[in-house]
Amino acid sequence: VTQGDTPSTGSTPNTQIRRLPERQVHDRAALDALLDAALVAQVAVVDEGRPYVVPLAFARDGDRLLVHGSTASRAFRVLAQGVRTCVSVTVLDAVVVARSQFHSSMNYRSAMVLGAFAQVVGEDKDHALHLLTARLLPGVDWQRPPSRKEAAQTSVLALALAQWSVKASAEDSPQDDPSDIDAPVWAGVVPLTHTWGSPRPAPDLPAGVDRATPRAILDWPQGRA
Ligand SMILES: Cc1cc2nc3c(=O)[nH]c(=O)nc-3n(C[C@H](O)[C@H](O)[C@H](O)COP(=O)(O)OP(=O)(O)OC[C@H]3O[C@@H](n4cnc5c(N)ncnc54)[C@H](O)[C@@H]3O)c2cc1C
């Protein structure tokens with residue numbers, strides 16, 4: 001499947017959720033919103049028959065997901081070969097405390113993307129590195145760009161958003177068994193929010209550099225996780 005004919009639902013037999021299938025979200029906009037809220041993806045790599053799950057910073061670029069890392073990293077060496085992978089991105093929204101342990105659960109938004117990464121090279125690599133910085137450090141336009149040597153040490157990989165699934169749970173209240181409802185115990189939903197803390201300026205900022213947090217960072221969107 002090429003980027004142009006990417007199915008909007010991402011549906012394939014491999015991306016069909018079996019347990020609680022009513023929690024599957026087929027809306028492509030929900031996938032984009034989740035990928036744009038999250039900062040970290042868990043990426044599966046099998047090396048010499050052993051599976052590893054590697055957390056990586058990532059950015060969505062239209063119909064593809066971009067990651068970057070050291071050319072020396074095992075994950076990047078393996079993934080650059082175009083082998084199959086599974087990328088998982090999750091944002092936890094709440095813990096649901098039911099009357100029973102069995103019905104306690106979590107509210108979440110979670111995506112899986114299946115496929116194989118391809119190496120990004122040339123001008124597209126420059127564009128991808130620029131986009132990764134813009135997505136991970138929005139508004140931070142004052143940094144030194146990578147040197148030629150640094151860029152050469154960095155591998156950029158892209159995964160098409162072709163085979164994907166989104167699962168979301170957003171319970172307003174615990175789904176307890178009717179026989180447990182009268183139990184004299186607390187039950188409810190405990191939301192978990194994601195907010196930035198107070199930025200700490202580097203202790204070695206040279207004299208003359210404003211220690212106040214730059215406006216661009218104060219404007220970072222809340223809710224990223
Ligand atoms: C924060 C969080 C906590 C969870 N905790 C538990 C837990 O403690 N115990 C438990 O049994 N389950 C838990 N789940 C659900 C779990 O991730 C799977 O959805 C579950 O194992 C059901 O898998 P399945 O057998 O239906 O699908 P599988 O056969 O495992 O998968 C089939 C296809 O469904 C899609 N899919 C399955 N799960 C997800 C998902 N979470 N997000 C996006 N796509 C998915 C994928 O495309 C996959 O290829 C949790 C999910 C989240 C996000």
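What you see is a predicted model; the values in this text were computed from it and never measured. Count residues from 1 along the sequence. These values consider heavy atoms only, across backbone and side chains, with no hydrogens, waters or symmetry-generated copies.
In this structure, the side chain of W164 does not engage the main chain of L31 through any donor-acceptor pair within 3.5 Å.
In this structure the side chain of V67 never reaches within 4.5 angstrom of the side chain of L132, judged on heavy atoms. You'll find the side chain of R99 reaches within 4.5 Å of the side chain of V185, heavy atoms only. A 4.5 Å side-chain heavy-atom check between H68 and V120 finds every atom pair outside the cut-off. Side-chain contact check for R135 versus F58: every heavy-atom pair is 4.5 Å or farther apart. Side chains of T193 and Q222 form no contact here, defined as non-hydrogen atoms less than 4.5 Å apart.
For H130, the NE2 atom counts as loosely surrounded, since its 6.0 Å shell holds 12 or fewer non-hydrogen atoms of other residues, nucleotides or ligands. Atom CD of Q101 has 12 or fewer neighbouring heavy atoms from other residues, nucleotides or ligands inside a 6.0 Å radius. Annotation for D172: atom CG does not count as buried by contact number, only 12 or fewer foreign heavy atoms lying within 6.0 Å. Residue E123 qualifies as open at atom CD: its count of foreign heavy atoms under 6.0 Å is 12 or below. More than 12 heavy atoms of other residues, nucleotides or ligands sit less than 6.0 Å from atom CZ of R23. The environment of CD in E48 is sparse: at most 12 heavy-atom neighbours from other residues, nucleotides or ligands sit within 6.0 Å.
In this structure, Q119 CD and L157 CG are separated by 6.0 Å, a value rounded to the nearest 0.5 Å. Atom OH of Y108 is separated from atom CD of E171 by 9.0 Å, given to the nearest 0.5 angstrom. Annotation: the span from L192 atom CG to M106 atom CE amounts to 9.0 Å, rounded to 0.5 Å. Atom CG of residue D176 and atom OG of residue S104 lie 7.5 Å apart, to the nearest 0.5 angstrom. One finds the CG atom of L129 at 11.0 Å from the CD atom of E150 (value rounded to the nearest 0.5 Å).
Side chains of S88 and Q42: no donor on one and acceptor on the other come within 3.5 Å.
Following chains of ILVMFWY side-chain contacts shorter than 4.5 Å, one cannot reach V53 starting from F76, and the two form parts of different hydrophobic clusters.
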